[in-house]
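Because only heavy atoms are used, hydrogens play no part in the values below, and waters and symmetry mates are left out as well, while side chains stay in. On a predicted model such as this, the values are computed, not experimentally measured, just so you know.
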Amino acid sequence: MQTCTGFPKAHKSMRSFTETFCFQTTKAESVLGCPVLFVMGAAGNQVPKKKANYLELDENQRFCAVNLKEEGYRILDELSQALSDAICATAQFPSSVMSHILRFGQTSFYAEGQISYSKELPQPPVQRFNYVPTQGEDIPVWYIQLGDAVLLGVKPEVVTPVFLKIRSQSPFIHTLLATLVNGGQGYIAGDIDYDRYTYPGLKTPFYRGTDRVFIREVIQCLDNLIAAPEELC
């Protein structure tokens, strides 16, 4: 197998990003001696540790563009090495993940709804918005367990702090989450997104508190998996 990346035709602007990830994973592959699959996900509430091209406020509190040019290559190499080190450390983490247990299934939970932010309004974030409750809907959650690892799948885009809470409470050694970029079913946002009127908080069709219901239902599902006999696999 050779290192490669793929990107949809509808997102041609992502070409440079996926090519960069391809460059980063080759470092880990040279150490591990096997192919590395890098799955790029959404991280709208995160920023890179270091950037070579960004906006900065000037003395008049106006945004101006900053381009470090050639310095960007050094930053890329530094961050690539950090990513490679993290991948290798994770791959060498001792666990019994390659056990014979394999099972998969689906659960769902109900989430209260809200009228999402209209496309006719100014692009968020904004200074104020009135959240109006409306009829909710069920959110399906798929899971695949492989030994001590579990992969969760949902249609909404889940903000990073919500997943970190799930991972910290999960009974599994390895807990992963697959979520649709740009929200195939909206967003699962946290209180800070509603308080600060960020894009996930405004555009989600789910009312405040959905993140807490999501965390509770997922952890209950994972606890049930741990407690269930292997015959149910």
### Task
Check the surroundings of atom CD in Q106: do more than 12 heavy atoms from other residues, nucleotides or ligands lie under 6.0 Å from it?
yes
### Task
Answer yes or no: is there a donor N or O on one side and an acceptor on the other, between the side chain of S108 and the main chain of P140, under 3.5 Å?
no
## Note on the structure
Residue set satisfying salt bridge (Lys or Arg N to Asp or Glu O under 4.0 Å) with D58, at least two apart, ordered chain then number -> none
### Message
Treating Q145 as the side-chain partner and G147 as the backbone partner, does any N or O pair qualify as donor plus acceptor under 3.5 Å?
### Response
yes
#### Entry: Shortest non-hydrogen separation from A178 to L151 and the atoms involved
N-CD1, 4.1 Å
### Connected via hydrophobic side-chain network under 4.5 Å: I188 and W142
no
### Query
Can you list the other members of the hydrophobic cluster that holds Y207, where links are side-chain heavy atoms under 4.5 angstrom apart?
Y117, L121, V126, F129, Y131, Y194, Y197, L202
### Message
Going by salt bridge (Lys or Arg N to Asp or Glu O under 4.0 Å), name the residues that satisfy it together with E137, two or more places apart in sequence or in a different chain.
### Response
none
### Task
List the atom of Y110, the atom of Q135, and the distance in Å for their closest heavy-atom pair.
OH-NE2, 3.2 Å
#### Entry: Nearest atoms (heavy-atom pairs only) where I166 meets V218
CG2-CG1, 3.9 Å
### Task
Go through the structure and list residues passing side chain to side chain contact (heavy atoms under 4.5 Å, CB included) with V66, not counting sequence neighbours.
Y54, E56, L68
### Query
Restricting to pairs with a member in residues 203-215, which pass salt bridge (Lys or Arg N to Asp or Glu O under 4.0 Å), not counting sequence neighbours?
D191-R208, D191-R212, D195-R208
### Message
Using side-chain heavy atoms (C-beta onward) and a distance below 4.5 Å, is L57 in contact with F63?
### Response
yes
### Summary
Of all heavy-atom pairs linking V159 and G190, the shortest is CG2-N, 3.9 Å
### Task
Examine the side chains of Q81 and D77 and answer whether a donor and an acceptor come within less than 3.5 Å of each other.
no
### Message
As a test of understanding, state which of L83, I75, L76 forms a side chain to side chain contact (heavy atoms under 4.5 Å, CB included) with L79.
### Response
I75
### Query
Can you tell me if T179 uses its side chain to pair, donor with acceptor, with the backbone of V158 under 3.5 Å?
yes
### Task
Can you see which heavy atom on G153 is nearest to which on L177, and at what distance?
N-CD1, 4.5 Å
### Query
Less than 4.5 Å apart, any side-chain heavy atom of I87 and any of L32?
yes
### Query
Can I139 and T210 be said to form a side chain to side chain contact (heavy atoms under 4.5 Å, CB included), step by step?
CA-CA 10 Å; I139 299 179; T210 297; 4.2 Å; yes
### Message
Other residues, nucleotides and ligands only: do more than 12 of their heavy atoms fall within 6.0 Å of CZ on R167?
### Response
no
### Query
Looking at T175 and F163, what are the two nearest heavy atoms and their distance?
O-CZ, 3.3 Å
#### Entry: R103 side chain vs L225 backbone, donor-acceptor pair below 3.5 Å
yes
### Query
By ring pair (Phe, Tyr, Trp, His ring centres under 6.0 Å), which residues pair with F109, not counting sequence neighbours?
F214
### Task
Would you mind reporting whether C221 and V141 have side-chain heavy atoms less than 4.5 Å apart?
no
#### Entry: Q114 side-chain N/O to G201 backbone N/O, donor-acceptor pair under 3.5 Å
yes
